[in-house]
Amino acid sequence: MAQADPAPASLHDIAEWVQLCRRCDLWRGATQGVAGEGPADAPLMLVGEQPGDQEDLAGRPFVGPAGVMLERAMQEAEVDRSRLYLTNAVKHFKHELRGKRRLHKTPAGGEVRACRWWLDGERRLVRPRVILALGATAAGAVIGRPTPIMKSRGQPIQLADQSQAMVTMHPSYLLRMPDETAKAEGFRMLVEDLRGAAKLAGL
Ligand code: URA
């Protein structure tokens with residue numbers, strides 16, 4: 001898919017066309033592109049960084065360990081996953097091989113910018129009232145500038161398309177925390193932020 005491509009007219013177009021995406025080189029190492037999923041009229045969109053190992057194989061967002069953590073937080077916040085649109089800033093899994101393991105690599109700025117085309121398409125089609133960005137990569141992609149998570153969480157940010165953004169930490173960040181007390185506190189914040197975003201979205 002090149003710069004002059006027509007804008008996708010449906011989420012179905014996005015899911016199909018992202019398989020042909022050549023806007024950056026990440027497709028080369030990935031099994032498939034992973035588009036978002038959820039109702040086309042979801043009032044709340046959650047944006048993660050990129051598919052992980054399991055998402056790359058399944059072709060669905062948030063089905064691996066980060067998704068399990070996110071699901072737990074949603075349950076605690078009493079937010080119904082089936083009413084949300086879940087997607088990622090980058091649609092292909094960036095990784096490096098370490099033996100047989102595929103280790104996550106953070107996407108570069110140029111890769112995030114190249115993939116904005118898909119995220120913007122999803123935003124235009126779903127028109128969510130609120131977008132909750134999980135982690136710094138998603139926050140940068142959604143808001144268009146670097147946005148410190150801890151300083152900005154809890155405060156809605158008005159976006160040009162009339163939606164509002166909120167930011168919170170990425171569940172994978174919590175999974176990597178070695179300190180159990182800090183992890184529990186981070187989880188509590190994630191739940192609080194999910195609840196806040198759902199309330200703002202009218203859910
Ligand atoms: N991490 C993400 O940011 N997105 C996923 O879909 C899975 C893990």
Side-chain angles (χ1 to χ4, degrees), residues 11 14-15 18-19 21 24 26-27 29-39 42 44-75 77 79 81-96 98 101-123 126 128 130-143 146-150 152-153 165-177 183 186-187 189-191 193-194 197:
L11 294 173
I14 294 190
V18 80
Q19 307 310 332
C21 185
C24 77
L26 292 184
W27 64 276
T31 309
Q32 57 195 316
V34 179
E37 67 178 28
L44 176 58
M45 177 182 279
L46 262 54
V47 181
E49 183 195 75
Q50 62 169 348
D53 181 66
Q54 294 194 33
E55 288 81 9
D56 169 78
L57 297 172
R60 295 183 54 210
F62 287 104
V63 293
V68 172
M69 164 82 85
L70 185 61
E71 187 88 39
R72 257 185 57 215
M74 285 180 194
Q75 275 171 14
V79 173
R81 175 173 177 150
S82 71
R83 302 206 50 203
L84 312 184
Y85 189 85
L86 292 184
T87 192
N88 284 298
V90 169
K91 306 301 196 237
H92 284 103
F93 176 36
K94 181 171 183 176
H95 59 276
E96 64 188 2
R98 192 75 60 76
R101 294 182 61 211
R102 303 193 300 170
L103 297 186
H104 163 276
K105 275 187 89 176
T106 302
E111 290 156 348
V112 177
R113 276 191 296 282
C115 220
R116 271 284 297 265
W117 197 79
W118 298 109
L119 180 62
D120 286 349
E122 290 175 306
R123 285 174 61 177
V126 178
V130 179
I131 304 177
L132 180 62
L134 309 174
T137 300
V142 169
I143 297 161
T147 306
I149 302 300
M150 293 312 272
S152 313
R153 56 178 288 273
M166 294 187 77
V167 303
T168 190
M169 57 201 62
H170 195 289
S172 298
Y173 172 70
L174 299 180
L175 284 172
R176 286 194 300 268
M177 281 181 164
K183 192 183 268 189
F187 184 75
M189 290 185 212
L190 176 60
V191 171
D193 294 341
L194 275 168

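Whatever order the structure lists them in is the order used to number ligands and atoms, beginning at 1.
- From Met189, atom CE reaches atom CE of Met169 across 5.0 Å, with rounding to the nearest 0.5 Å.
- Distances below 4.0 Å separate heavy atoms of Pro61 from the following atoms of ligand 1: 6 (O).
- A donor-acceptor pair under 3.5 Å is absent between the side-chain atoms of Glu96 and the main chain of Leu103, judged by distance alone.
- Distances below 4.0 Å separate heavy atoms of His170 from the following atoms of ligand 1: 1 (N), 2 (C), 3 (O).
- Under 4.0 angstrom from ligand 1, the non-hydrogen atoms of Glu55 all belong to its side chain.
- Glu37 places no side-chain N or O within 3.5 Å of a backbone atom of Tyr85 that could act as its donor or acceptor partner.
- What sits closest to atom 4 (N) of ligand 1 on the protein, heavy atoms only, is Asn88 OD1, 2.7 Å.
- Around CZ of Arg116, the count of heavy atoms belonging to other residues, nucleotides or ligands within 6.0 Å exceeds 12.
- Between Gly48 and ligand 1, no pair of N/O atoms sits closer than 3.5 Å.
- The side chain to side chain contact (heavy atoms under 4.5 Å, CB included) test with Leu46 is passed by exactly one of Leu194, Ile131, Thr87: Leu194.
- Considering backbone and side-chain atoms alike, Ser172 places every N or O at 3.5 Å or more from each N or O of ligand 1.
- Between the side chains of His92 and Glu111, no donor N or O sits under 3.5 Å from an acceptor N or O.
- The protein non-hydrogen atom at the shortest distance from atom 5 (C) of ligand 1 is Gln50 O, 3.4 Å.
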